[in-house]
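These notes are about the structure you will find just below.
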Number of protein chains: 2
Amino acid sequence: MAKFDEEHIAAKLHELEVACHRRRLPVTVQRRVIYETLLRRSDHPTADQLYADVRRRLPGISRTTVYRVLETLVELGLAMRIPNRQAVVRYDPNTEQHHHVICVLCDRVEDLEGVPLAERPIREQAEVTGFEVLDCTMVVRGVCPDCRDDYRRRTLANSS
Amino acid sequence: MAKFDEEHIAAKLHELEVACHRRRLPVTVQRRVIYETLLRRSDHPTADQLYADVRRRLPGISRTTVYRVLETLVELGLAMRIPNRQAVVRYDPNTEQHHHVICVLCDRVEDLEGVPLAERPIREQAEVTGFEVLDCTMVVRGVCPDCRDDYRRRTLANSS
DNA sequence: GTTCGTGCAAACAATTTGCATAAGT
DNA sequence: ACTTATGCAAATTGTTTGCACGAAC
C-alpha cells in the first residue's frame, strides 16, 4: 500500500505538471509541495491546517500563498472544495464523484465511496430550473462516533 | 395563491409559537418578524440580506439579533442552513427534504423539489463509517441561466 | 420577580487585496 | 526578458462574544 501510495502521488504530481503546462502556469515549488501535502492527507484539511503542515517543509511560505494555490488547484480540477456548515472551506484531492458525511458537532468530514447516485432524475429536474448542471454531491449530516455520547446527552437535555 | 400564502404563513407563525412554548422560550417580536420575513422570501437569503429586510419593519434591530434568532430557528427545526461554496451561510424555511442547485458563478440557490432520493444505500454506507445519519441533501453545482453566457465565454478563453 | 433576549461595541476568524520582489519559463 | 507567483501587511467580510438594559412569562 505504501508503494502504491508513492506511485499514486508521483502520478498525481505529474498531472499537476501537465495541467500547469496546458494552462501555461509555472510549476512552482509551492504548488508542488501544497498539492503533495494535500494528497498525503485524507482528512479533508482546511487551508489553515494545510498551511501549518506545509510550513514544516517550506518554513518561509505565506498563508496567502496556500489560499491562492488551493484555488488554483480547484481551477485545474485537481482538488475540490467541500461545502460544510461552518464558515471554513475544506479541500479534497479526490475529484472523482463521491459523497461526504459531516459531523454536525465536530465538523469532521468523512468520504462515502461506492454509492452510485441516480443522477438522471436530478439532472432532469435541475434543467427544469434552467440551470446547466456541472456535478452533484450528496451531503450527509450526521454524528460521528466520537461525538455520539455528547449528542445523546444534549438531545435528552432538550426534550426534558 | 396569495390567500394560500397568507394562510401558510399564519400556520407557520403558529408553529413558531408552539415550538417556543415547548422549549419555554419567549416569543419575541424579533423572532416573529425574522421568521415571517424568512418565510416570505424564496431566495434562500443570508443573515445579512435578512437583516436589511427586517430593518424596514424593525428599524432598531441589531445584526447580532438576526444571527442569533436564525440559529434559534434552526434549533427549533423551523429553518435549515444551506451548505454553499462561499463562506456565507444561507437559510431556508423549508425543512422538508429537498435539494439545491447552486450557481458556481453568482452563488444563487434554487430549490429542486420532487426528486425522491434513494436514501437507503447512502444511509447504509454512512453507517459503515460509524456515523449516525441525520439527513442527506443533494448539492448540485451548476450555472444559472443569467450566468450561462459569461460561463461559456470563460470556458472558451481557458481552453485556448 | 425571574429568566431569557436584545442591542451595542468590540473581538474574532477566515479569507482577500495591493504592491514590491522573486521565481519559473 | 517576460510573465506569473510569492510574501508581507493591511483590509474586508461574516460571525461571535461580553455585558448592561429591557421585555416576556
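Letters A, B, ... are given to chains in the order of the sequence lines, protein chains preceding strands, and every chain is numbered from 1. What you see is a predicted model, and the numbers here were worked out from it, not measured in a lab.
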- Can you check the Tyr91(A) OH to dT15(C) P distance for me, whole Å? 7 Å
- Note on the structure: Sorted by position of nearest nucleotide on DNA chain C, 5' first, the leading residue of Arg68(A) and Ala47(A) is Ala47(A)
- Message: Can a side-chain donor-acceptor contact be found between Tyr51(B) and Arg55(B) if the only test is distance below 3.5 angstrom?
- Response: yes
- Query: CZ of Arg55(A) versus C1' of dT6(D): gap in Å, rounded?
  - Reply: 15 Å
- For Thr64(B), report the nucleic acid contact type (base, sugar-phosphate, nothing); a contact means any heavy atom under 4.0 Å. base
- Query: Is there a side-chain contact (heavy atoms from CB on, under 4.5 Å) between Met80(B) and Val74(B) once you walk through the steps?
  - Reply: CA-CA 5 Å; Met80(B) 62 185 285; Val74(B) 171; 5.8 Å; no
- Rounded interatomic separation in angstrom, taking CZ from Arg90(B) and P from dG14(D): 10 Å
- Figure out the CG/C1' separation between Leu70(A) and dT6(D), and round it to whole Å. 15 Å
- Message: Whole angstroms only, please: what is the CG-C1' distance between Leu25(A) and dC2(D)?
- Response: 15 Å
- Task: Starting at atom CZ of Arg32(A), determine the distance to atom P of dA23(C), rounded to an integer number of angstrom.
- Result: 14 Å
- Query: Starting at the 5' end of DNA chain D, which residue's closest nucleotide do you reach first, Val27(B) or Arg63(B)?
  - Reply: Arg63(B)
- Task: Respond yes when some side-chain nitrogen or oxygen of Gln30(B) is under 4.0 Å from OP1 or OP2 of dA24(D), and no when none is.
- Result: no
- Determine the contact category for Arg31(A): base if any of its heavy atoms lies under 4.0 Å from a base atom, sugar-phosphate if only primed atoms, P, OP1 or OP2 are that close, otherwise nothing. sugar-phosphate
- Query: What's the verdict on salt bridge (Lys or Arg N to Asp or Glu O under 4.0 Å) for Arg22(B) and Glu17(B), showing C-alpha distance, side-chain angles and the deciding distance?
  - Reply: CA-CA 9 Å; Arg22(B) 187 150 40 216; Glu17(B) 288 182 20; over 6 Å; no
- Message: Please report the distance, rounded to the nearest Å, between CD1 in Ile61(B) and C1' in dC21(D).
- Response: 17 Å
- So what is the end-to-end bend of the helix from dG1(C)-dC25(D) to dT25(C)-dA1(D), with 5 pairs used at each end and the value given to 10 degrees? 40°
- Distance test, side-chain N/O of Ser62(A) to OP1/OP2 of dC8(D), below 4.0 Å: no
- Give a yes/no on whether any side-chain N or O of Arg24(B) is located under 4.0 angstrom from OP1 or OP2 of dC25(D). no
- Task: Check each of His100(B), Arg81(B), Arg41(B) against Asp92(B) using the side-chain hydrogen bond (donor to acceptor under 3.5 Å, both in side chains) test, and report the only one that passes.
- Result: His100(B)
- Can a donor-acceptor pair be found between the side chains of Tyr91(A) and Glu71(A) at a distance below 3.5 Å? yes
- Item | Tyr67(B) vs dT15(D): side-chain N/O to OP1/OP2 distance below 4.0 Å | yes
- Note on the structure: Rounded to the nearest 0.5 angstrom, the CG-CD distance for Asp43(B) and Glu110(B) is 9.5 Å
- Looking only at dA5(D), dT15(C), dC25(D), the nucleotide nearest the Val89(A) side chain is dT15(C)
- Message: With a cut-off of less than 4.0 Å, is there a side-chain N or O of Thr28(A) near OP1 or OP2 of dA5(D)?
- Response: no
- Item | Contacts of type side chain to side chain contact (heavy atoms under 4.5 Å, CB included), residue Gln97(B), not counting sequence neighbours | His99(B), Leu117(B), Glu119(B)
- Tested for salt bridge (charged side-chain N to carboxylate O under 4.0 Å, His left out) against Glu36(B), the lone hit among Arg31(B), Arg57(B), Lys12(B) is Arg57(B)
- How long is the line joining CZ of Arg81(B) and P of dT15(D), in whole Å? 8 Å
